[in-house]
Amino acid sequence: MTGKKQLMIEPSWCKGCGICVAFCPREALELMNGKVHLKDADSCVLCGMCEMRCPDYAIYLKNAEE
Amino acid sequence: MPSDLIHEYMRIDHLPHIWCAGCGNGTIMRDVAVALDELITDPEFALTRDQVVIVSGIGCSSRAAGYMDFNSIHTTHGRAIAFATGIKLANPRLEVIVLTGDGDASAIGGNHLIHAARRNIGLTVICFDNLIYGMTGGQYSPVTPHGDKATTAPYGNVDRPFDVAKLAEGAGASYTARGDIYHVRETIDIIKQGIKHKGFSLIDVYSTCPTYYGRKNKKGEAVDMLKWQKENLIPVSKYYTLSEQAKEGKLVIGPLHHSNYPEYSAEYAKIIEACKEAKKGK
């Protein structure tokens, strides 16, 4: 669980339910054309709340390697 | 490319799943994957992936057996627990997990549910409880609250609902718990406890069906339904500290009942051993 993480979005799996947007504690996400979009990368603290609540596995944290 | 967890435990060529936008079933399925991952990687519990069998019946919930990359079987309506009982008795080493819905478990499979609970056979039944029949178009189920609307109850449901966890406890289940979509970590923990528990475990997880239940009952979008869960479903540790007035309209989540009644397949194995000994003595 060490190392830097990065936020990943898989737009083709996003159904635009807005759960991640509503429950993001930093209001860093928005819906754009019916898909989740990282509105403000600076406010994202990589907490992973979006990944935990996304029913479609369309947003998640990944270890930033390479 | 999905997350490592999804890549590891789901059949990703079958994803994205068919569930509607905002349906809670995907969250519950992920909770099950996280719970299994934590048990598989826990050297103390030493669960192997090959020991896990996922059994489902019919309904929205039951699609999960097709998505989860374990030994899995998608059975007939209401019969998941019956199939699971056979699997457990054939090989008691297996961790048999039933993924079912409120209709599948408490209506069509109601008898299998109560008798598996009565026997206290070591299955973990996870009920994706969305308060309605989703797949067939929004008919009321035995857990649809009194007065709520469904396609078959356009003026409101006359029936009293089952509390699936209490039903299982009354029938003899030795572990019952309730989870939801909002309280993810708590729900993963009760799924883990249910799997670790030797006897019959019933985990009733409140899902969200914005398409039928939500729309019919003016519950808003999926986000509104989650906010309702956040405000009204209270973890057991906090619930019992509330005043009677504060409890009004709130429901408790978390572990609800636990006992150490003997598990059925272990008792059955004892009979087999006793008969073998008796035969040797002849």
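Because only heavy atoms are used, hydrogens play no part in the values below, and waters and symmetry mates are left out as well, while side chains stay in. In what follows, every chain begins at residue 1, and chains take the letters A, B, ... in the order their sequences are listed.
Between Gly22(B) and Ile19(A) the shortest heavy-atom distance is CA-CD1, 4.3 Å. The two residues Gly18(A) and Val223(B) come nearest to each other via the heavy atoms O-CG2, 3.5 Å. When all heavy atoms of Pro55(A) and Cys23(B) are compared, the closest pair comes out as CB-O, 3.3 Å. Shown here for Cys17(A) and Ala21(B), the closest heavy-atom pair between the two residues is CB-C, 3.9 Å.
Both the backbone and the side chain of Met29(B) come within less than 4.5 Å of a heavy atom in chain A. Using a 4.5 Å cut-off between heavy atoms, Ile6(B) touches chain A through its side chain atoms alone. Neither the backbone nor the side chain of Met8(A) comes within contact range of chain B, judged by heavy atoms closer than 4.5 Å.
Comparing Val184(B), Ile188(B), Ile28(B) by how many heavy-atom pairs each has under 4.5 Å with chain A, the most go to Val184(B). For the set Leu5(B), Ile181(B), Leu15(B), the entry with the most heavy-atom pairs within less than 4.5 Å of chain A is Leu15(B).
Atom CZ of Phe162(B) sits in a sparse spot, with 12 or fewer heavy atoms from other residues, nucleotides or ligands closer than 6.0 Å.
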With 3.5 angstrom as the limit, list the donor-acceptor pairs from chain A to chain B, or say none if there aren't any.
from, atom 1, to, atom 2, distance (Å)
Glu10(A), OE1, Met1(B), N, 2.9
Lys15(A), NZ, His17(B), O, 2.8
Lys15(A), NZ, His17(B), ND1, 3.1
Lys15(A), NZ, Trp19(B), O, 2.6
Arg53(A), NE, Tyr182(B), O, 3.3
Arg53(A), NH2, Tyr182(B), O, 2.9
Pro55(A), O, His17(B), NE2, 2.7
Asp56(A), OD1, His17(B), NE2, 3.2
Tyr57(A), OH, Gly26(B), O, 2.6
Tyr60(A), OH, Met1(B), O, 2.2

